Number of protein chains: 2
Amino acid sequence: MTEQTQKTEKQIFAEFLARKNLRDTSQRELILDEFLRREQHISAEELYDVVKQRDRTIGQATVYRVLKLLCEAGLAREVNFGDGTMRYEHEFGHEHHDHLTCTACGKTIEVVDPAIETLQKALAEKYGFCLLNHEMYLYGTCAECQGR
Amino acid sequence: MTEQTQKTEKQIFAEFLARKNLRDTSQRELILDEFLRREQHISAEELYDVVKQRDRTIGQATVYRVLKLLCEAGLAREVNFGDGTMRYEHEFGHEHHDHLTCTACGKTIEVVDPAIETLQKALAEKYGFCLLNHEMYLYGTCAECQGR
DNA sequence: AAAGCAATTGAAATTCATTATCAATATCAC
DNA sequence: GTGATATTGATAATGAATTTCAATTGCTTT
Ligand SMILES: [Mn+2]
Ligand SMILES: [Mn+2]
Ligand SMILES: [Zn+2]
Ligand SMILES: [Zn+2]
């Protein structure tokens, strides 16, 4: 299953590169591979650290560049928690979701509320907008942190 | 009316400074005054530009510092549209609201949907969180930009 | 297989917003 | 006024992200 998903995502990237006349390099494969291996929201710097362990010679600019390509290819998505660092999460095979973060311990939960999604679209239309996408960040105190 | 509101906001700032044992300086008064004069979402750099016209000697670091104080005092609020620059809006006398932005022309509308607000709280509680605050950014195409 | 050429790379320099440093200056309780 | 100390502006420094560029690589054409 994981194998299957990974194969598909790598295929998508290969097709994306071919379509754009970009080259299939070992660095790009390696960075995608490590990105797919982790399910957390990861920053370019963090991904650079883990990629470096497999290829000491890789440059951080390359990680930034590939992450941008992955977004274009529909494999990654930017997440901005407002701490000054952009993070990335899997896009392919992962439904849209929003984030609920504990301001005390930093724990983040992925959430979706279909009713909210519907109301968002209606709200935009009320102002004549055609809603393309949205970001919703909920901040609060988690159950554990409330018990202190 | 504007006079009345401004007076109140300036009082609040004065009280805040007194409470925190901070000093009431001409720079702080000037920056607050120019901030209150504008209703748009303004960046530190933009505010610095308008403040400079009244006091050529003011430093930009001071603008950054005062903006931070205004947030603490409950007079300003940070808004992050994800373009890499933090912006600020009036907090006092301005109800909470979210933002609907046109990705084509940049126009931003302030919106609130009480039903969404209620559902957000319920959603957080479903995961054991006590919701403290949230940010919701809706992105789409406005009526004018759709007609092209 | 060799050549040719554009795409790619890593290192280093650069940008941009924001923050820290620090000596000079201003505020305010006394 | 005096003095302790908060504040300021100039400047340096930071951290994330991007750009530059010469060297290298991948891929197409012979
Ligand atoms: Mn997520
Ligand atoms: Mn607003
Ligand atoms: Zn927590
Ligand atoms: Zn528009």
Side-chain angles (χ1 to χ4, degrees), chain A residues 10 13-35 41-73 76-88, chain B residues 10 13-35 41-73 76-88:
Chain A
K10 284 178 179 173
F13 193 45
E15 285 162 21
F16 169 82
L17 293 175
R19 192 177 344 115
K20 290 263 193 177
N21 277 95
L22 301 175
R23 291 173 182 169
D24 200 344
T25 68
S26 65
Q27 291 92 334
R28 285 175 175 166
E29 282 181 13
L30 173 57
I31 292 167
L32 171 59
D33 189 70
E34 281 301 331
F35 173 69
H41 306 111
I42 195 168
S43 70
E45 218 65 32
E46 288 163 352
L47 185 55
Y48 174 51
D49 284 342
V50 305
V51 156
K52 231 182 348 191
Q53 287 170 232
R54 285 225 255 158
D55 178 355
R56 195 61 51 76
T57 76
I58 212 152
Q60 77 188 130
T62 303
V63 175
Y64 277 95
R65 290 188 278 236
V66 173
L67 240 11
K68 196 156 282 185
L69 288 176
L70 294 182
C71 288
E72 282 185 57
R77 182 197 296 147
E78 293 188 329
V79 189
N80 188 345
F81 288 111
D83 68 338
T85 320
M86 192 62 79
R87 293 175 183 279
Y88 297 84
Chain B
K10 285 177 180 176
F13 193 44
E15 284 163 22
F16 170 82
L17 293 175
R19 193 177 344 117
K20 290 265 192 173
N21 276 97
L22 301 176
R23 293 174 182 170
D24 199 343
T25 68
S26 65
Q27 291 92 334
R28 286 176 175 166
E29 281 180 14
L30 173 57
I31 292 167
L32 171 59
D33 189 69
E34 281 302 330
F35 173 70
H41 306 111
I42 197 169
S43 69
E45 217 66 32
E46 288 163 352
L47 185 55
Y48 173 51
D49 284 342
V50 306
V51 156
K52 231 182 346 191
Q53 287 170 231
R54 285 225 253 158
D55 178 356
R56 194 61 51 76
T57 75
I58 210 153
Q60 74 187 135
T62 303
V63 176
Y64 277 96
R65 289 188 278 236
V66 173
L67 241 8
K68 195 155 283 183
L69 288 177
L70 294 182
C71 289
E72 281 185 59
R77 183 197 296 145
E78 294 188 329
V79 189
N80 187 346
F81 288 112
D83 68 338
T85 319
M86 193 61 81
R87 294 174 181 279
Y88 297 83

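Remember, it's a predicted structure, so these values are computed and weren't measured experimentally. Chain letters run A, B, ... following the sequence lines, proteins first and then strands; every chain starts at 1.
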Reading 5' to 3' through nucleotides 12-20 of chain C, protein heavy-atom contacts under 4.0 Å coded B for base, S for sugar-phosphate only, - for none | -----SBBB

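Atom-to-atom, CG of A/D55 to P of D/dT25 comes out at 12 Å; the value is rounded to the nearest Å. In this structure, the CG atom of A/L30 is 14 Å from the P atom of D/dG26, given to the nearest Å. Straight-line distance from the NZ atom of B/K52 to the P atom of D/dT8: 17 Å, rounded to whole Å. Remark: C1' of D/dT18 and CD of A/E78 are 14 Å apart, rounded to the nearest angstrom. Rounded to whole Å, atom C1' of C/dT27 lies 12 Å from atom CD of B/E29. Rounded to whole Å, the distance from OH on A/Y48 to C1' on D/dT18 is 15 Å.
Side-chain atoms of A/K52 and A/Y48, non-hydrogen and from C-beta on, do get closer than 4.5 Å to each other. Looking only at side-chain heavy atoms (C-beta outward), A/L70 and A/F35 come within less than 4.5 Å of each other. By the 4.5 Å heavy-atom criterion applied to side chains, B/Q27 and B/V51 are not counted as neighbours. The closest side-chain heavy-atom distance from B/H41 to B/Y88 is not below 4.5 Å. Residues B/E34 and B/Q53 form no side-chain contact, since every pair of their non-hydrogen atoms from C-beta on lies 4.5 Å or further apart. The shortest distance between side-chain heavy atoms of B/L30 and B/R54 falls below 4.5 Å. Annotation: side chain of B/M86 is not in contact with side chain of B/L67 (no heavy-atom distance under 4.5 Å).
Remark: B/R28 is in phosphate contact with D/dT8, judged by side-chain N or O atoms under 4.0 Å from OP1 or OP2.
Proximity of residues 17-27 of chain B to DNA chain D (heavy atom under 4.0 angstrom from any strand atom) is restricted to B/L22, B/R23, B/T25, B/Q27.
For A/R65 (side chain) and A/R28 (main-chain N/O), no donor-acceptor pair under 3.5 Å exists by modelled atom type.
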